[in-house]
Each structure stands twice: as structure tokens, then as C-alpha cells.
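Following: one structure in C-alpha cells, then a few remarks.
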Amino acid sequence: MIIESKDKQERLAFFQELYHEAEAASSELIEKMKKYKEQYKGSKTIDDTTVDATQIRNITYELVESQITSYIPNPSVSPKVYSEKNERCAKSIETLLKNKRDELPFEKMNDMDERFNPIYGGSVWLIEWDNSIMTHNTVGDVKISCLSPMRFVGQPNIYDVQEMEYCFVKFDTTKEDIVRKYGVSVEIADETESDESADDKTATLYVCYYKNDEDKVCQFVWSGDTVLLDLDDYYARKRKICKACGKREELCACEHPKYELQNEDYEELNRDVILSDGSAIPAMSVVIENGQPVYEVQQRQMLEENGDMAFQHFPDGTMLPLMMDAQVPKTEPTRLPFYTPNILPVVIRKNTSEEDSLFGQSDCEFIRPQQQGINKLESRIQEKLMGAGVYPIVPEDVNMELDNSIFKKVFRSKPNNYNQFGRVDLQVDVSRDTAQSERLYDQAKRILGITDSYQGQYDSSAQSGRAKQLQIQQAAGRLDSKRRMKNAAYAEMDQIIFQYYLAYADEPRPATFRDAQGRWQNVIFNRYDFIERDEAGEYYYNDQYLFSTDATIDVEKSRETLWQENRQNFQSGAYGDPSLPQTQLIFWRNMERAHYPWAQENVERIREEMARQQQMAQMQEQMTQMQQRNADLEGQLSGANTELEQRKGYEQYLKGLIGGKGQ
């Protein structure tokens with residue numbers, strides 16, 4: 001998108017007009033979303049009439065809430081080209097993303113997201129890098145927000161966010177946050193626009209993400225008639241340069257400096273960078289041209305044949321090393337480029353896909369006829385029941401006061417006709433209205449693929465527990481398309497998060513995971529691990545990784561099924577001999593992952609028992625070795641005694657011989 005105007009106010013007017021045009025193009029969709037939200041809230045409005053319903057049965061709320069799940073997809077990362085290094089890097093990415101699932105409030109955002117989708121047909125996820133998030137060892141981290149689709153305005157007639165030239169995000173914030181985030185004064189923050197329904201301490205921000213003529217993502221932020229931020233390259237690293245001396249903010253010594261933001265394209269190493277595998281990126285790199293190292297002539301000391309240094313001897317006894325010209329590779333300081341993402345920081349999750357639509361299909365849209373019909377029937381039933389009853393008959397000339405709170409109607413008969421005392425039964429039959437209401441309710445459930453078993457209600461068609469499980473699984477299969485869209489959105493978010501860490505995570509980021517033995521292990525995400533050098537000598541970031549989500553079922557809804565199948569695998573010997581503690585440990589680890597109560601305590605107990613048995617086995621082995629050693633010593637001692645006795649006998653024999661000769 002080319003913006004010719006450079007003046008601040010002209011740019012503001014340009015973006016305001018662009019926003020109003022895009023908003024007008026999506027006004028019909030926004031009105032539908034408002035109508036669907038009111039339907040979910042239980043609106044009594046009847047379409048195409050000015051008469052409202054007097055009684056409703058909110059099946060929309062019931063069926064939407066039946067689909068809510070706390071399932072959060074697990075990230076899965078694999079390299080496009082396999083190598084040990086790429087596989088190790090993929091593991092570090094995946095572990096980091098799993099840790100982010102626990103660190104960020106995904107449970108809260110998922111709870112909103114699960115309602116946004118069936119109501120509006122989709123949800124908007126905004127992924128940002130926030131440098132204000134700091135710890136003792138790190139600067140900056142990912143910030144994720146789940147927004148209502150009514151807060152997003154995209155480019156008209158473009159149905160994929162990443163293909164848009166621009167898009168807008170609207171949200172409310174406090175004026176104190178504007179001062180902190182955008183570095184403006186309190187006076188400027190007070191001039192921002194406030195929502196009519198909010199107080200004067202909040203402000204409505206409009207953020208435009210657009211691509212310039214170089215296809216780089218830019219950002220323009222305003223509120224009311226106040227410009228808060230105008231970044232020409234949103235993802236580029238920025239540094240403040242003094243306009244007067246041309247030095248960075250850290251080196252500037254001007255008395256009244258005026259800084260401007262400039263992009264940083266690369267970093268120059270002043271030391272070797274140690275990677276996770278023990279290798280290093282050198283501070284000085286060999287110069288490569290046309291795919292070949294460049295050599296230069298340098299003076300090097302000559303060596304003798306035996307490898308000793310060669311010297312020239314002078315008559316006065318001094319020695320100087322002998323030098324020679326040698327061809328050596330030319331080196332230069334290593335310059336590593338900064339990674340720059342090139343995608344809009346917005347991900348849209350669709351409920352179910354719809355042709356030529358930025359968002360998906362709303363469940364409220366498809367069951368709205370049934371909801372409207374039920375509202376009419378319930379109002380009719382209510383009117384019948386309120387007007388029905390048993391009413392008294394009283395002659396006109398009888399002065400009798402009747403309690404109108406009980407008898408809404410009193411019928412009068414002719415005068416002097418006391419035989420006319422009696423009653424009128426005006427009871428009504430609402431069975432057909434009730435049957436039609438239930439019929440419409442069943443239609444709505446079938447449209448969405450929801451059964452009684454899926455809702456946890458009584459279902460006489462399922463006579464066994466296994467049959468009920470199959471019914472629930474079949475209903476989940478009808479809703480599988482929505483889960484696929486959820487998984488796809490999370491995979492797209494994971495890719496953006498990965499690119500942010502490649503671009504801005506200067507410090508190594510630790511992450512933890514459980515290994516196959518159930519022990520906690522550490523892994524380090526280091527953006528330098530992804531740097532490679534091509535044949536032309538250029539350093540680049542290898543971001544060629546595939547992002548998806550694990551094809552795991554919803555544990556929250558199928559937990560008992562997992563427990564049962566795990567028991568069957570254990571009893572059938574799939575994990576090994578059930579009597580062995582190693583097999584029992586595998587079983588209880590699986591139960592722990594399936595959130596079985598007290599499974600962790602059983603895992604620890606079995607581990608302690610295995611450690612005790614191993615210690616006893618080691619002690620028994622040591623005792624056996626000591627006994628064997630003692631037996632060997634006793635054998636050696638017995639042999640030595642026998643040899644000594646033999647020597648004594650031989651000495652006595654020699655003495656006898658010598659004595660005999662002497663005689």
C-alpha cells in the first residue's frame with residue numbers, strides 16, 4: 001500500500017478515511033454479529049415484526065455452551081529437511097511453545113475463543129512482541145490477545161489476513177497505559193478518544209497494520225485526532241540516532257539531542273558465539289567470493305623440517321625469526337543479519353469455513369429460524385396458560401366482592417336468577433405447542449450435530465456404556481471440522497511466535513519438558529542455533545520448519561475412556577508383565593498423563609519401591625562378592641599352609657639325609 005503523504009495530519013486523515021471505508025464495507029457483517037450476540041444473550045426480538053416475544057427458551061445459549069471445550073492443542077514442530085541439528089532445533093521450538101501454553105493465560109483466552117466462534121463465526125488473535133516484559137535474565141517476550149471479530153476490520157473483498165495490504169484492530173485501554181507504551185505525555189494522552197459507554201480514564205485505540213511498497217509490515221496507531229505511533233518498518237530493530245552528531249543514544253554527548261529511529265540490519269560480533277551443541281560462530285569469518293575463500297599474502301614464520309621455528313643467527317649472538325610470504329584465508333568481522341518477520345501479526349480462527357468470507361459460519365445463523373419459532377411458541381404457550389383457568393359465575397344483582405388477584409375474570413348472569421351461580425372452565429391444551437417446540441429444538445440439535453449423549457442428558461437409545469461412548473464419539477466427529485480450524489489457528493500462531501523469538505530473543509530462553517522416564521529435563525532455545533552460512537558466504541536464519549498440532553483427542557471429554565483403555569492395555573500385557581514394578585510404573589505414568597486421581601502418588605511410591613529393591617539387590621551383590629572374596633582368601637590361606645607344611649617336611653627330610661651322611 002503506497003502512502004504519498006508525509007505530513008502527520010495528512011497521514012492521520014488518510015488512515016481515518018481508510019478505516020471508515022473498510023468499516024462501511026463490513027457494516028453488514030458487523031450488524032449480523034450484533035444480532036447473533038443478542039440471540040445468544042436471549043433477545044426477545046422477532047424478525048420482520050415490531051412485536052417482541054413475551055417468553056423465550058434460549059436454545060442458542062444451551063447448544064453453544066454444549067460445544068465449549070477446555071482442550072488446548074499441543075504444538076508439534078518438525079524440520080522440512082532432516083538433520084540432527086534441525087531435529088534438535090525443532091525440539092527446542094516445540095518445548096518452548098509448550099511452555100508458553102502454560103505461561104500465558106491460554107485457559108482464559110480459550111474460554112472466550114470457544115464462545116466467539118459459534119456466536120460470531122470466528123475469533124481474532126493478536127500476537128505481539130512486548131519489550132516491556134523483562135526478567136532478571138531476559139528482555140522482551142510474546143504477548144497474545146484474543147479479540148472479538150467486531151474489533152477487527154480487514155481490507156474489503158480479501159478473505160485471507162496474510163494476503164491483505166492492510167487491516168485494523170480496535171481496542172480499549174487506559175490512558176496511563178498509553179503513556180507507558182507509546183512514550184507520550186499525559187497531556188497528549190488526555191486528548192485521546194474515549195468510548196461513550198466508558199469513563200474519561202480509558203481511550204479507544206485504532207491500530208493499522210499495513211504493507212509498504214517494499215512489502216514490509218508497518219504500523220500506524222491513533223486515537224481520536226491524536227497520532228500515537230507511526231512505524232515505517234514494524235518488525236525491524238530500532239535504534240535512536242542523534243540528528244546533530246549522528247551517534248547512537250548511548251554515545252551521544254549533545255546538550256539538546258534530537259533522536260530519530262533508524263533500523264538495525266545486522267549485528268557485528270566481538271567474540272565467538274557458543275551454540276547449544278558446543279560449536280561456535282567465530283567472531284572473524286573467512287571472506288567468500290563466488291563460492292570460494294579469498295586468500296591474501298601474509299608474512300608467516302618459517303619452520304624447520306622437525307617443526308621447530310627457524311631463526312637467523314647474527315655474529316653478535318642475536319637471533320631473528322625467518323619470515324616468508326604465505327597464502328592465508330582473508331577474514332573479516334562476522335556480521336549476522338537480524339531476522340525480520342514479514343507477516344501480519346493477526347490470526348483468524350474460523351468456526352467452519354465459508355466461501356468468500358473472512359470469518360467462518362456462525363452456529364447462531366443456522367439455528368436462528370428454530371430459535372425464533374420456539375420464542376413464538378413459548379410466548380403463545382405462556383399467553384394461553386396465563387389466560388386459562390376456572391372462573392366464577394355470579395348474578396349481576398348480587399353484591400359480592402371477589403378477589404381479583406385470584407379470579408382474573410368474573411362472569412355475571414341475569415338478575416334474580418340465583419341458580420346461575422357456578423363456574424366456567426377455560427382450561428387450554430398446549431400439548432401440540434409443546435410438541436412443536438420440542439420438534440424445533442431437535443431440529444436445531446441435528447443441524448449442529450449435537451446429541452443427548454453428547455450433552456450428558458438421558459438417551460434411551462444407548463443401552464450400554466460402550467454404546468453411549470460411541471454416540472459421543474460420533475457427535476464429536478460431526479464437530480471435528482471446528483476442532484480442525486482451531487488446530488490450524490494455533491499452528492499459525494506458533495509459527496508467528498517462533499519468528500518473534502528468532503527476531504528478538506537475544507538471550508537464550510530455557511524451557512522444561514518430561515522425558516520418557518517422567519523426569520524433568522531442560523532445553524535451551526538459542527536463536528543463534530538457527531544461523532547457517534550459504535555457499536556465497538552469507539549468514540541467514542533457517543526458519544524452514546513445519547508447524548502443526550498433535551492429533552490428540554479431547555482429554556477433558558474422553559478421560560474415562562483413556563483410563564479404561566489404559567487398564568485394558570496393562571491387563572493384557574501390552575506394557576509388559578503386570579507383576580513387574582517396571583510395568584506398573586509405565587501404567588501409572590500413563591494414568592498420570594490422563595489426570596487420574598492420585599496417580600502421581602502411585603508413581604512416586606513405585607519409584608521408591610524400585611529404588612529400595614535396587615539398593616537391596618546392590619547390597620546382596622556386594623555381600624556375595626565379599627563372601628566370594630573371603631572364600632578365595634581362605635582357599636589361598638589353606639594352600640599357603642599346605643605349602644608351608646610341605647616345605648617343613650622337605651627340610652626335615654634334607655636334615656635327615658645330611659645327618660645320615662655325617663654319620
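We count residues from 1, following the sequence as given. Side-chain atoms are counted along with the backbone in the values below, which use heavy atoms only and exclude waters and symmetry mates. What you are looking at is a predicted structure, and each value in this text was computed from that prediction instead of being measured.
Two rings, from Tyr501 and Phe530, have their centers 6.0 Å or more apart. Note: Phe498 and Phe547 meet the aromatic proximity criterion, with ring centroids under 6.0 Å apart. Checked against the 6.0 Å centroid criterion, the rings of Tyr234 and Tyr209 qualify as a close aromatic pair. Ring centers of Trp520 and Phe513: at least 6.0 Å apart, outside the cut-off.
Closest of all the heavy-atom pairs between Leu440 and Gln370 is O-CG, 3.4 Å. When all heavy atoms of Ile343 and Ile496 are compared, the pair lying nearest together is CD1-CG1, 3.3 Å. In plain terms, the two heavy atoms of Asn351 and Met485 that are nearest each other are O-CG, 3.8 Å. Across all non-hydrogen atoms, the minimal contact from Tyr500 to Pro341 is CD2-CG, 4.3 Å. Contact between Tyr490 and Asn110 at its shortest, heavy atoms only, is OH-OD1, 4.0 Å. Nearest heavy atoms, Ala489 versus Arg349: CB-CB, 3.6 Å.
No more than 12 heavy atoms of other residues, nucleotides or ligands shown are found within 6.0 angstrom of OH on Tyr266. The neighbour count for Glu268 CD, taken as heavy atoms of other residues, nucleotides or ligands under 6.0 Å away, is above 12. More than 12 heavy atoms of other residues, nucleotides or ligands lie within 6.0 Å of CE in Met112, so this atom counts as buried by the packing criterion. Atom CZ of Arg484 has 12 or fewer heavy atoms from other residues, nucleotides or ligands within 6.0 Å. With a 6.0 Å radius and a threshold of 12 heavy atoms from other residues, nucleotides or ligands, Lys238 has its NZ atom above the threshold. The local environment of CG in Asp48 is sparse, with at most 12 non-hydrogen atoms from other residues, nucleotides or ligands closer than 6.0 Å.
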Inset, instruction - Take His20 and Glu23, measure what side chain to side chain contact (heavy atoms under 4.5 Å, CB included) needs, and give me the verdict at the end. - result: CA-CA 5 Å; His20 292 312; Glu23 186 181 34; 3.9 Å; yes
Inset, instruction - Under the salt bridge (charged side-chain N to carboxylate O under 4.0 Å, His left out) rule, what do Lys98 and Asp494 come out as? Steps first, then yes or no, please. - result: CA-CA 10 Å; Lys98 287 181 179 179; Asp494 290 339; over 6 Å; no
Legend entry - Test log, rule side chain to side chain contact (heavy atoms under 4.5 Å, CB included), inputs Leu231 and Cys218: CA-CA 6 Å; Leu231 288 179; Cys218 308; 5.9 Å; no
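Arg151 forms no cation-pi arrangement with Phe171, by the criterion of a distance under 6.0 Å to the ring centre and an angle within 45° of the ring axis.
Side chain of Lys211 to main chain of Asn342: no donor-acceptor pair is present (N/O by atom type, distance under 3.5 Å, no hydrogens or angles). Formation of a donor-acceptor pair under 3.5 Å by the Asp111 side chain with backbone atoms of Glu107 is not found in this model. Between the side chain of Asp47 and the backbone N or O of Pro369 there is no donor-acceptor pair closer than 3.5 Å. Here the side chain of Ser379 pairs a donor or acceptor atom with the backbone of Thr54 at under 3.5 angstrom. The backbone N or O of Phe338 sits nowhere less than 3.5 Å from a side-chain atom of Glu264 that would complete a donor-acceptor pair. Under a 3.5 Å cut-off, the side chain of Ser362 and the backbone N or O of Ile119 do form a donor-acceptor pair. A donor-acceptor contact shorter than 3.5 Å is absent between the side chain of Arg509 and the backbone of Ala505. Judged by distance alone, with hydrogens and angles left aside, the side-chain atoms of Ser26 form no donor-acceptor pair with the main-chain N or O of Val153 at under 3.5 Å. Looking only at distances, no side-chain donor or acceptor of Tyr210 sits under 3.5 Å from a matching main-chain atom of Met164. Judged by distance alone, the side chain of Gln371 and the main-chain N or O of Thr60 form a donor-acceptor pair under 3.5 Å.
Between the CG atom in Asp177 and the OG1 atom in Thr202 there is a gap of 12.0 Å [rounded to 0.5 Å]. Considering CG of Leu126 and CZ of Phe152, their distance stands at 9.5 Å, rounded to 0.5 Å. Remark: Leu29 CG to Leu358 CG distance equals 8.0 Å, nearest 0.5 Å. The OH atom of Tyr159 lies 10.5 Å from the NZ atom of Lys350; values are rounded to the nearest 0.5 Å.
At least one side-chain heavy atom of Lys35 sits under 4.5 Å from a side-chain heavy atom of Arg368. Between Val77 and Leu546 there is no side-chain heavy-atom pair separated by less than 4.5 Å. The shortest distance between side-chain heavy atoms of Phe168 and Leu18 falls below 4.5 Å. Looking at heavy atoms from C-beta onward, Lys482 lies out of side-chain contact with Asn117 at the 4.5 angstrom threshold. In this structure, the side chains of Asp506 and Val139 stay at 4.5 Å or more apart for every pair of heavy atoms. Counting heavy atoms from C-beta on, the side chains of Leu205 and Ile178 come closer than 4.5 Å. Residues Met33 and Lys37 are not in side-chain contact: their nearest non-hydrogen atoms beyond the backbone lie 4.5 Å or more apart. With a 4.5 Å cut-off on side-chain heavy atoms, Lys34 and Glu31 count as touching.
Listed by chain and number, the residues in a ring pair (Phe, Tyr, Trp, His ring centres under 6.0 Å) with Tyr206 are Tyr19, Trp222 (sequence neighbours excluded). In this view, Tyr339 and Tyr541 satisfy the ring pair (Phe, Tyr, Trp, His ring centres under 6.0 Å) rule, not counting sequence neighbours.
The aromatic rings of Phe106 and Trp125 lie parallel to each other, their planes meeting at an angle below 30°, with 60° marking the opposite boundary. Relative orientation of the Phe220 and Phe15 rings is parallel, given thresholds of 30° and 60° on the angle between their planes.
The pair Glu267-Arg237 does not meet the salt-bridge criterion, since no charged nitrogen lies less than 4.0 angstrom from a carboxylate oxygen. In summary, Asp230 and Arg11 engage in a salt bridge, as defined by a charged side-chain N under 4.0 Å from a carboxylate O. Salt bridge status for Glu38 with Lys41: absent, with no side-chain N to carboxylate O gap under 4.0 Å. Taking a cutoff of 4.0 Å between a charged side-chain nitrogen and a carboxylate oxygen, Glu114 and Lys486 qualify as a salt bridge. Under the 4.0 Å criterion applied to side-chain N and carboxylate O atoms, Arg180 and Glu176 are not assigned as salt-bridge partners.
No side-chain N or O of Ser276 forms a donor-acceptor pair with one of Asn526 less than 3.5 Å apart. A donor and an acceptor atom, one from each side chain of Thr95 and Ser92, are nowhere located under 3.5 Å apart. There is a side-chain donor-acceptor pair under 3.5 Å between Asp172 and Thr204. The closest side-chain donor-acceptor pair between Glu532 and Tyr539, if any, does not fall under 3.5 angstrom. Using modelled atom types and a 3.5 Å distance limit, the side chains of Glu62 and Tyr441 yield a donor-acceptor pair. For the residue pair Glu365 / Tyr120, no side-chain donor-acceptor distance below 3.5 Å is found, with atom types taken as modelled.
Checking Ile127, Leu104, Asp141 one by one against Ile497, the side chain to side chain contact (heavy atoms under 4.5 Å, CB included) holds for a single residue, Ile127.
Residue pairs meeting the salt bridge (Lys or Arg N to Asp or Glu O under 4.0 Å) criterion with at least one partner in residues 116-137, sequence neighbours excluded, are Glu128-Lys181.
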